[in-house]
2 protein chains.
Amino acid sequence: MNSLKQMDRGALSDALDHSGQRTTPQRETVFSVLLDERDHPTADEVYTRTKSRMPTISMATVYNCLETLVSCGLVKQVNIEREPTRYCPNLAPHAHFHCRDTGRVYDVPVPPDMMHELAEVLPGEYRADSVELVFRGHLAKGKTK
Amino acid sequence: MNSLKQMDRGALSDALDHSGQRTTPQRETVFSVLLDERDHPTADEVYTRTKSRMPTISMATVYNCLETLVSCGLVKQVNIEREPTRYCPNLAPHAHFHCRDTGRVYDVPVPPDMMHELAEVLPGEYRADSVELVFRGHLAKGKTK
DNA sequence: AATTTGACTTAGAATAATTCTAAACGATCT
DNA sequence: AGATCGTTTAGAATTATTCTAAGTCAAATT
């Protein structure tokens, strides 16, 4: 038993079914870890958190599960500056803000029309299927959030 | 003797001086390699190209030189999807397009007003000093460019 | 119910980009 | 010439991630 809500459990097995993969306890637990704390954890952090709920899970399985979740579209990878890959279950279009002081990554909502405008800077021969937008800098003091 | 033009040679020694670092043959040669072929090479590719002009240079020195050029602001690192870091001497604000077929990276000019608009999607507590914009997809066929 | 199948999990080894270390180098200053 | 100090060098070390090969498990087939 993990902490997935019925809704999320359904989304998970639907997405897995749809891509011809199985719903397993390991995948459910890793997914619940991502949903429970949306701080863009690294694979290592996911491993630690998952292990506390399922002590027998291995690092390789965590990597496998994350890759599976990415492949079926439930989770996105966030790569910033050669740091370890982070994982993000936020499927809405959004940008990221990377704080130079803490290394933390925050989601920044992006209005849909901005996405459209962005698409227009691309010359015609480029057909983009994904856009990645990362800001880097500092948080105004007092707002550690 | 490397293939740096006077203008670029000047920019290099100015930037190095300004950040308290020396102009060395290795740094000049690495910089000229970057300027001569602007295809966003990896450190390894820079190493190969530099070695053909200066056979005694080592990989570590190439990494050191690239780091130096980045630190004095003449070169930008381009990180895409955990692939090896690429190096780009294009200082104008621009985005990148990453072709899924060939792995190649292209510069995409971004109009200044677009940069301003982007800055505005950031909530007030975020102070960004850099913006990174990467498109991924395919090139329209026939335009291998 | 036993067997087969194939996807999944596991521990540990392997990989590869990058960084580190310690010694050697070389230009400049005394 | 000797001292200083930033730079270069070869090779070792690091580390996130992937690979390998054996073991597990559940569902499908006999």
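Throughout, a chain's letter reflects where its sequence line sits, starting with A, and its residues are numbered from 1. Side chains included, hydrogens not; waters and symmetry mates left out as well; all remaining heavy atoms used.
Look at A/D14 and A/R9 and you find no salt bridge, because none of the NZ, NE, NH1 or NH2 atoms lies under 4.0 Å from a carboxylate O. Using a cut-off of 4.0 Å between Lys/Arg side-chain N and Asp/Glu carboxylate O, A/R136 and B/E132 are scored as not salt-bridged.
The minimum heavy-atom distance between A/S19 and A/C72, with the atom names listed, is OG-CB, 3.4 Å.
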All N/O donor-acceptor pairs, side-chain side in residues 87-97 of chain B, below 3.5 Å, sequence neighbours left out:
residue	atom	partner	partner atom	Å
B/N90	OD1	B/A92	N	3.0
B/N90	ND2	B/D107	OD2	2.8
B/H94	ND1	B/A92	O	2.6
B/H94	NE2	B/H96	NE2	3.1
B/H94	NE2	B/D107	OD1	3.4
B/H96	NE2	B/D107	OD1	3.2

Residues 109-119 of chain A, side-chain donor-acceptor partners within the protein, below 3.5 Å, at least two apart:
residue	atom	partner	partner atom	Å
A/H116	ND1	A/P112	O	3.4

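Atoms CD (A/E67) and C1' (D/dA16) sit 15 Å apart, rounded to a whole Å.
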Completion exercise
Quick tally for nucleotides 6-20 of chain C: nucleotides whose base has a protein heavy atom under 4.0 Å get B, sugar-phosphate-only ones S, the rest -, giving BBSSBB-----SBB-
